[in-house]
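Here the structure is laid out as structure tokens; the discussion comes afterwards.
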Amino acid sequence: MKRSKQILINGAVLAGIYTLAATIAKYRSEDKEIDRDNPYLSMAGIRSYSNEDSTKTCKECRNENTSELHVGAYENVIKHALDHLLSFMGLIVLSPVFLIISIVILFDDPGPIFFTQKRIGKDKHYFMCHKFRSMAVSTPHDVPTHLLSQPDAYITRVGKVLRKTSLDELPQIWDIFRGKMSIIGPRPALWNQEDLIEEREKVDVNNVLPGLSGLAQIKGRDELEITEKARLDGEYVKKLRQGGLKAFLFDSKMFFGTIGSVLRREGVVEGGTGSLTSRVSISTAKTCSKEMHIENSRPISNPKANEVGFEEYGCYKHFHIDRKRPVKLLITGAGSYIGESFKNYCESYYPNITIAILDMKDNSWREADIIPYDAVLHVAGIAHADVGSVPVSEQEKYYTVNTDLAVECARKSRESGIKQFIFMSSMIIYGDEKFIDSHTIPRPINFYGDSKWLADKGVRAEAGEGMAVAVIRSPMIYGKGSKGNYPVLAKIARKLLFFPDIDNKRSMLYVENFCEFVGQLVCSGEGGIYFPQNREYSKTSSMVQEIAEVSRKKVKITKLLSPAVNMASYIPGKVSGMIEKAFRSSYYAQTLSVYDGFDYQKISLEESIKLTER
């Protein structure tokens with residue numbers, strides 16, 4: 001009797017909680033006017049069909065040609081019931097977690113616990129999506145993150161953990177309970193992600209409930225380009241529309257796959273606000289867009305999008321490389337690893353390029369006569385340092401040297417009749433972006449990256465009057481005698497017996513591949529924006545193993561150490577910083593690095609390590 005009574009009491013309590021939650025969901029729903037200015041509700045299907053079908057509506061064509069679009073009992077009844085039941089259970093079971101996170105957010109930075117943002121729901125209707133707030137209340141309103149002087153300073157300590165673990169997404173369980181989302185489905189697009197919405201319209205993704213996770217999340221998440229993300233979402237819809245046991249098993253596979261993906265933190269592109277991720281569409285010669293992060297519930301366009309230079313990307317150009325044309329090149333910046341390496345390389349492979357080096361350490365360069373030269377390669381600058389340890393009083397030097405000096409040199413070059421000015425920018429201008437493609441907007445997160453980004457824009461503004469400006473946004477350049485992270489990694493590889501097997505992906509550029517690229521660029525005389533990199537991406541653990549083998553050392557790569565590395569990444573300070581530097585992914589799409597007329601990726605990653613270590 002006691003057990004039956006207890007069951008009845010528990011059942012009554014759950015029923016009461018359910019009734020209360022359902023009532024709140026009903027009366028705290030979206031404003032009825034939320035769709036007043038919704039341009040997508042009138043969007044017709046934009047799939048391409050043959051001329052024979054031109055008289056039919058897209059809807060008719062879909063119904064005739066795609067049987068998988070049939071909405072069956074699984075999607076309409078079973079999936080909806082499972083979403084409702086499991087989300088309610090999730091709210092109950094995770095309520096202590098919600099409470100703890102809420103308290104920690106309040107203690108860390110008093111203010112709103114949740115952040116809401118307008119997203120695209122089923123049939124392209126707007127709804128308000130919920131997240132835990134991960135940025136400080138003091139963050140300036142209406143300012144894109146990449147325009148803040150110290151964007152990383154606005155992310156709260158709790159926010160960093162929430163975003164790394166995807167716990168900031170937990171409040172969307174409430175959105176599932178109230179029927180605006182599903183557990184599994186395509187991630188809800190932002191209201192102004194026009195390119196993604198249009199691509200999804202082609203494969204009928206906009207007609208299903210968005211999900212907390214889905215196929216695209218597991219296959220790459222933020223790393224995927226828009227078209228690939230939409231294609232994967234379309235694949236999911238096809239599986240869903242098969243209905244029955246097949247659809248259920250596929251949803252189950254996605255559910256458990258998501259858990260593993262979250263634990264491994266795969267596909268997460270850091271650098272967002274945790275408050276609002278907005279997408280801006282920029283119309284250029286090549287229509288490009290990219291997610292940018294804004295500290296405010298009202299998305300705004302990026303006022304500096306026109307300074308990115310999408311239309312100047314080298315991958316859109318055709319080049320003629322004249323290796324016989326005599327070129328007098330001035331390298332501005334003495335003692336540079338890059339400058340000296342290129343000078344030595346040209347002596348062997350580009351006898352048509354005559355090189356002189358101009359020291360920029362004092363003011364004497366301003367009086368130097370550079371009129372006799374055809375091109376300038378500007379490599380002077382303050383190298384990347386541990387930005388966290390640089391005092392504010394020293395940060396201005398980075399702007400003086402990296403920005404002001406570069407722009408002044410470009411202006412002097414133009415006024416002296418120089419035909420080509422080449423500036424060494426850096427991948428650092430993209431901040432914490434993991435995957436960088438033709439849509440990505442630079443968004444530096446510290447003063448070093450900001451100083452390079454301002455110079456990147458500043459030197460391009462000097463183009464004209466017969467001078468072409470080429471900007472090289474290179475990843476890490478390494479080779480014999482190089483400085484930076486590579487020699488540190490090599491030292492570790494020669495000493496350790498065990499090394500963690502962490503999946504990551506990096507763009508790198510071997511110094512001889514770099515020199516070959518610059519040699520061809522000089523011979524072309526062209527301007528533009530370039531992203532040279534090795535043909536292969538690198539993986540930290542694989543590089544350690546190869547370096548050890550070349551050095552005749554033995555190191556065991558093991559996944560047993562991976563959990564310890566993941567745990568250590570949450571330790572504030574230098575420990576998490578070192579792990580981030582060693583194992584985070586950061587890579588360019590290879591399409592950015594292929595140029596019509598260029599052939600510079602001469603040496604493979606494996607061979608480059610042998611050449612560097614031997």
### Aromatic plane relationship, Y313 with F310 - under 30° parallel, 30 to 60° tilted, over 60° perpendicular
perpendicular
### Query
Within a strict 4.5 Å, meaning less than it, do heavy atoms of the D404 and L454 side chains meet?
no
### Query
Without hydrogens or angle criteria, can the side chains of Y537 and R506 be said to hold a donor-acceptor pair below 3.5 Å?
no
### Task
Heavy atoms only: give me the nearest K452-S426 pair and the separation to one decimal.
CE-CB, 4.3 Å
### Query
When you measure from the side chain of N513 to the backbone N and O of Q533, does any donor-acceptor pair fall under 3.5 Å?
no
### Task
Look only at the side chain of S482 and the backbone of G479, and say whether a donor-acceptor pair between them is shorter than 3.5 Å.
yes
### Query
Between C409 and M360, what is the shortest heavy-atom contact and its length?
SG-CE, 4.1 Å
### Task
Anything under 30° is parallel, anything over 60° is perpendicular, the rest tilted; go ahead and classify F531 against Y588.
perpendicular
### Message
Taking K229 first and then D195, would you say they form a salt bridge - that is, a charged N and a carboxylate O separated by under 4.0 Å?
### Response
no
#### Entry: Residue pair K412, S416: steps toward the side chain to side chain contact (heavy atoms under 4.5 Å, CB included) verdict
CA-CA 6 Å; K412 178 181 176 67; S416 300; 4.1 Å; yes
### Query
Are the charged groups of K397 and E394 less than 4.0 angstrom apart, N to O?
yes
### Query
So, S551 side chain and K553 main chain: donor-acceptor pair closer than 3.5 Å or not?
no
### Query
In terms of heavy-atom contacts, does CZ of R552 have more than 12 from other residues, nucleotides or ligands at under 6.0 Å?
no
### Query
Are D432 and R163 close enough, and set up right, to give a salt bridge (Lys or Arg N to Asp or Glu O under 4.0 Å), and what steps lead you there?
CA-CA 13 Å; D432 283 336; R163 289 158 61 188; over 6 Å; no
### Task
Assess whether side chain to side chain contact (heavy atoms under 4.5 Å, CB included) is satisfied between I357 and K343, documenting all intermediate values.
CA-CA 9 Å; I357 296 178; K343 183 176 183 295; 3.7 Å; yes
## Note on the structure
Separation between CD (Q193) and CD (E198), nearest 0.5 Å, reads 12.0 Å
### Backbone N/O of E340 and side chain of N344: donor-acceptor pair under 3.5 Å
yes
### Message
Testing the 3.5 Å rule here: is there a donor-acceptor pair between the side chains of E433 and T440?
### Response
no
### Message
Under a 3.5 Å threshold, yes or no: a donor from one side chain and an acceptor from the other, between Y448 and Q395?
### Response
no
### Close side-chain approach of L489 and V544, heavy atoms under 4.5 Å
yes
### Query
Atom CD1 of I355 and atom SG of C346: how far apart are they, to the nearest 0.5 Å?
3.5 Å
### Approximate separation, where rounding is to 0.5 Å, of R443 CZ and D450 CG
13.0 Å
### Query
Can you check whether T612 reaches Y510 side chain to side chain, under 4.5 Å on heavy atoms?
yes
### Query
Should the ring pair Y530 and Y595 be called parallel, tilted or perpendicular, given that the plane angle runs from 0 to 90° and is split at 30 and 60?
perpendicular
### Between Q520 and E516: side-chain donor-acceptor atoms closer than 3.5 Å
yes
### Reported CG-to-CZ distance for the pair L196 and R187, which is rounded to 0.5 angstrom
11.5 Å
#### Entry: Euclidean distance, D596 CG relative to H318 NE2, rounded to 0.5 Å
5.0 Å
### Task
Please tell me if the side chains of T332 and W365 come closer than 4.5 Å, counting only heavy atoms from C-beta onward.
no
## Note on the structure
Shortest non-hydrogen pair, S413 vs F421, comes out as OG-CD1, 3.5 Å
### Residue pair L329 / F342, side-chain heavy-atom distance below 4.5 Å
yes
#### Entry: Check: N504/T540 side-chain N/O donor and acceptor closer than 3.5 Å
yes
### Message
Could you tell me if the side chain of I477 sits less than 4.5 Å from the side chain of M424, heavy atoms only?
### Response
yes
#### Entry: Test item: Y430 side-chain N/O and F435 main-chain N/O as donor-acceptor pair under 3.5 Å
no
### Task
Kindly confirm or rule out a cation-pi arrangement of K505 over Y587, judged by NZ or CZ under 6.0 Å from the six-membered ring centre and within 45° of its axis?
yes
### Query
Should the pair K480-E613 be classified as a salt bridge under the 4.0 Å nitrogen-to-oxygen rule?
no
### Query
Looking at R411 and E408, does any basic side-chain N land under 4.0 Å from a carboxylate oxygen?
no
### Message
Checking the side chain of R473 only, and the main-chain atoms of M427 only, is there a donor and an acceptor separated by less than 3.5 Å?
### Response
no
### Query
Taking D374 for the side chain and Q420 for the main chain, is one N or O donor matched with an acceptor at less than 3.5 Å?
no
#### Entry: Donor on one side chain, acceptor on other, Y478 and S608, under 3.5 Å
yes
### Task
Check whether any side-chain heavy atom of V379 sits under 4.5 Å from a side-chain heavy atom of Y337, and report yes or no.
no
### Task
Applying side chain to side chain contact (heavy atoms under 4.5 Å, CB included), run through L592 and S438 and close with a yes or a no.
CA-CA 7 Å; L592 286 177; S438 59; 4.0 Å; yes
### Task
Answer whether the closest heavy-atom distance between the side chains of Y398 and N446 falls below 4.5 Å.
no
### Query
When rounded to the nearest 0.5 angstrom, what is the spacing between CD1 in I547 and NZ in K491?
14.0 Å
#### Entry: side-chain contact (heavy atoms from CB on, under 4.5 Å) partner of E536, chosen from S542, S507, S604
S604
### Query
Between N402 (side chain) and I382 (backbone), is there a donor-acceptor pair under 3.5 Å?
yes
### Query
Are the ring centres of Y600 and F319 closer than 6.0 Å?
no
### Task
Answer yes if the ring centres of F447 and Y399 are under 6.0 angstrom apart, and no otherwise.
no
### Task
Quick one: closest heavy-atom pair of A230 and R200, and the distance?
CB-N, 4.1 Å
### Query
Between D437 and A589, is there a donor-acceptor pair closer than 3.5 Å when you use the side chain of the first and the backbone of the second?
no
### Task
Test side-chain hydrogen bond (donor to acceptor under 3.5 Å, both in side chains) on T227 and E199 and set out the steps.
CA-CA 6 Å; T227 52; E199 288 297 322; 6.0 Å; no
#### Entry: Heavy-atom donor-acceptor pair, K581 side chain to N485 backbone, under 3.5 Å
no
### Query
Between E607 and R614, is the closest basic N to carboxylate O distance under 4.0 Å?
no
